Amino acid sequence: MSNLLEGLAPWPQVDFAEFGEVEVRKLSRIQKLVGAFLGRNWVAVPHVTHHDDADITEMEASRAEFNRSSAIKITPVALLVRALARALAEYPAFNASLDPASGTLVMKKYVHIGVAVDTPNGLLVPVIRDCDTKTLTKIAEEIAAVSEKARTKGLSMPEMSGGCITLSSLGHIGGTGFTPIVNAPEVAILGVTRARPVPMPDANGQIAWRQMLPLSLSYDHRVINGADAARFVRFIATSLGDASIFN
Ligand code: CAO
C-alpha cells in the first residue's frame with residue numbers, strides 16, 4: 001500500500017493563522033476511522049463511476065398509494081435496496097470480493113446491503129441482512145430503525161459488517177450525481193440523488209413530464225467492466241419501474 005503514494009509531494013504544513021483568525025477542532029473518532037478507510041479505498045481501488053437515470057413516475061404513484069394503506073412508510077431508499085438485491089442475483093460479479101494477493105474472487109451467496117447514514121458524528125454504514133428474502137416493509141422498517149440508532153446511539157462493528165454492496169442516498173437533500181467511494185472489499189456502491197421532473201418524448205414522439213431518478217454507480221474496475229456496470233444500472237432502473245418491486 002505505502003508505495004502507492006511514493007514520489008508524491010508531502011502534505012502541506014500551513015500556518016493558517018498567518019492569513020486570518022482560525023479555530024482548530026479535533027476530528028471525531030468516527031471521522032478518523034472512516035477517513036482512514038475512505039483514503040485507502042480511494043487510492044487502492046481503480047474507480048469508475050457510471051451514471052444513468054431511472055424513470056420512477058409509476059413507482060412514485062404506486063409508492064404514494066402503498067403508503068396510504070401501510071403502517072410502515074416506504075421511501076425510495078427501501079425500493080432501491082430491493083432493486084439492488086435483485087440486481088445482485090442477476091449479476092453475481094457485483095456480489096464478489098477481490099483478494100488481489102491470492103488472485104481470487106470470493107462469490108457470495110448471501111445478500112446483505114449497506115445503507116450509508118449521515119449522523120452528527122460522521123458517516124456510518126449499517127448493513128441490512130438477507131435483503132433478497134425480506135418483504136419491502138421489513139426492509140423499510142429496518143432502515144428506519146438502524147438509521148435512527150446510528151444517529152442517536154451509534155452502531156457496533158457487527159452491525160456494520162458483512163455488506164455485499166452499499167447504497168448512498170442523498171436524494172432527500174438534492175444533487176444530480178456524484179462519485180461515491182467503493183466500500184472495499186465490496187466492488188461497487190450505488191449513489192442516488194434527487195428525483196426531478198424531466199420532459200421526455202413518449203413512443204409517439206409526444207412530450208410528457210416524467211419523474212427521473214439519477215443513479216451513480218462507482219465500481220472497482222479490476223473486477224467489473226464498464227459494459228457490465230451499464231447493464232447492472234439499467235437492470236436497477238428497470239426493476240424500479242416494475243410493479244413487482246412492491247411485492
Ligand atoms: N428523490 C426525491 N426524494 C427523495 C429521494 C430521492 N432520491 N430519496 C428520499 N426522498 C425523500 C423521501 O421520500 C422523504 O420524503 P417525504 O418526507 O416527503 O416522504 C424524504 O426524502 C426524507 O427521506 P429520509 O431521509 O427520511 O429517508 P430515506 O429513506 O430517504 O433515507 C437515509 C434514509 C438513512 C439513507 C438518509 O436519511 C441518509 O442518512 N442519507 C445520507 C447518506 C450519505 O450521507 N451519503 C453520503 C456518503 S459519502 O459521504
Side-chain angles (χ1 to χ4, degrees), residues 1-49 75-78 80-81 84 97-101 112-129 142-194 214 216-222:
M1 273 295 291
S2 59
N3 63 358
L4 275 173
L5 299 176
E6 222 167 75
L8 298 187
W11 195 259
Q13 296 296 317
V14 179
D15 179 7
F16 297 99
E18 268 185 32
F19 308 108
E21 190 183 331
V22 293
E23 178 199 336
V24 177
R25 289 187 184 168
K26 286 230 179 290
L27 291 177
S28 70
R29 196 179 59 83
I30 293 174
Q31 279 174 316
K32 281 192 205 158
L33 199 67
V34 171
F37 287 129
L38 288 172
R40 177 200 62 193
N41 298 347
W42 182 249
V43 295
V45 176
H47 280 74
V48 177
T49 306
T75 69
V77 170
L80 281 155
V81 166
L84 267 174
S97 279
L98 175 67
D99 180 358
H112 304 337
I113 296 179
V115 178
V117 178
D118 182 27
T119 82
N121 294 318
L123 176 70
L124 291 178
V125 185
V127 172
I128 312 293
R129 281 166 212 282
E142 285 194 21
I143 294 169
V146 87
S147 55
E148 169 67 16
K149 182 163 184 256
R151 286 180 178 128
T152 53
K153 299 187 187 138
L155 299 170
S156 64
M157 276 317 281
E159 287 172 304
M160 294 187 282
S161 305
C164 303
I165 194 165
T166 297
L167 174 66
S168 179
S169 171
L170 298 174
H172 59 302
I173 302 172
T176 56
F178 67 111
T179 307
I181 298 178
V182 171
N183 190 11
E186 298 167 15
V187 295
I189 177 167
L190 182 67
V192 179
T193 45
R194 194 162 186 80
S216 305
L217 182 88
S218 291
Y219 57 91
D220 183 337
H221 210 345
R222 294 171 299 178

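This one's a predicted model, so the numbers in the text were calculated from it and none came from an experiment. No hydrogens, no waters, no symmetry mates; every other heavy atom, side chains included, goes into these values. When a residue number appears, it is its place in the shown sequence, counting from 1.
With rounding to the nearest 0.5 angstrom, the CD1 atom of I181 is 12.0 Å from the OG1 atom of T166. With rounding to the nearest 0.5 Å, the separation of CD in E159 from CD1 in I128 is 10.0 Å. The distance from atom CG of L217 to atom CG of L167, rounded to the nearest 0.5 Å, is 10.5 Å. Taking CD from E142 and CD1 from I113, the interatomic distance works out to 11.5 Å, rounded to the nearest 0.5 Å. Atom CD of E148 sits about 4.5 Å away from atom OG1 of T152, to the nearest 0.5 Å. With values rounded to the nearest 0.5 angstrom, K26 atom NZ is found 12.5 Å from Q31 atom CD.
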Apply side chain to side chain contact (heavy atoms under 4.5 Å, CB included) to V45 and R222, showing your working. CA-CA 8 Å; V45 176; R222 294 171 299 178; 4.0 Å; yes
Could you walk me through whether V187 and Y219 pass side chain to side chain contact (heavy atoms under 4.5 Å, CB included), step by step? CA-CA 6 Å; V187 295; Y219 57 91; over 6 Å; no
Walk me through whether V146 and V115 qualify under side chain to side chain contact (heavy atoms under 4.5 Å, CB included). CA-CA 9 Å; V146 87; V115 178; over 6 Å; no
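Between the side chain of S218 and the main chain of H47, no donor-acceptor pair closer than 3.5 Å is present. With N41 contributing its side chain and N183 its backbone, the two residues share no donor-acceptor pair below 3.5 Å. Judged by distance alone, with hydrogens and angles left aside, the side-chain atoms of R194 form no donor-acceptor pair with the main-chain N or O of L170 at under 3.5 Å.
Heavy-atom minimum distance, L123 versus A116: CD1-CB, 3.8 Å. For the residue pair I189 and S168, the shortest heavy atom distance occurs at CD1-CB, 4.3 Å. Of all the heavy atoms in D118 and R151, the pair that sits closest is O-NE, 2.9 Å. F178 and T49 make their closest contact through O-CG2, 3.7 Å (heavy atoms, listed as atom of the first residue, atom of the second, distance). L155 and P126 get closest at one heavy-atom pair: CD1-CB, 3.5 Å. When every heavy atom of G174 is checked against every heavy atom of T193, the shortest pair comes out as O-CB, 3.5 Å.
Of the residues L190, I165, I143, the one that meets the side chain to side chain contact (heavy atoms under 4.5 Å, CB included) test with V81 is I143.
Residues D220 and P46 form a side-chain contact, since some pair of their non-hydrogen atoms from C-beta on lies under 4.5 Å apart. A 4.5 Å side-chain heavy-atom check between V125 and M160 finds every atom pair outside the cut-off.
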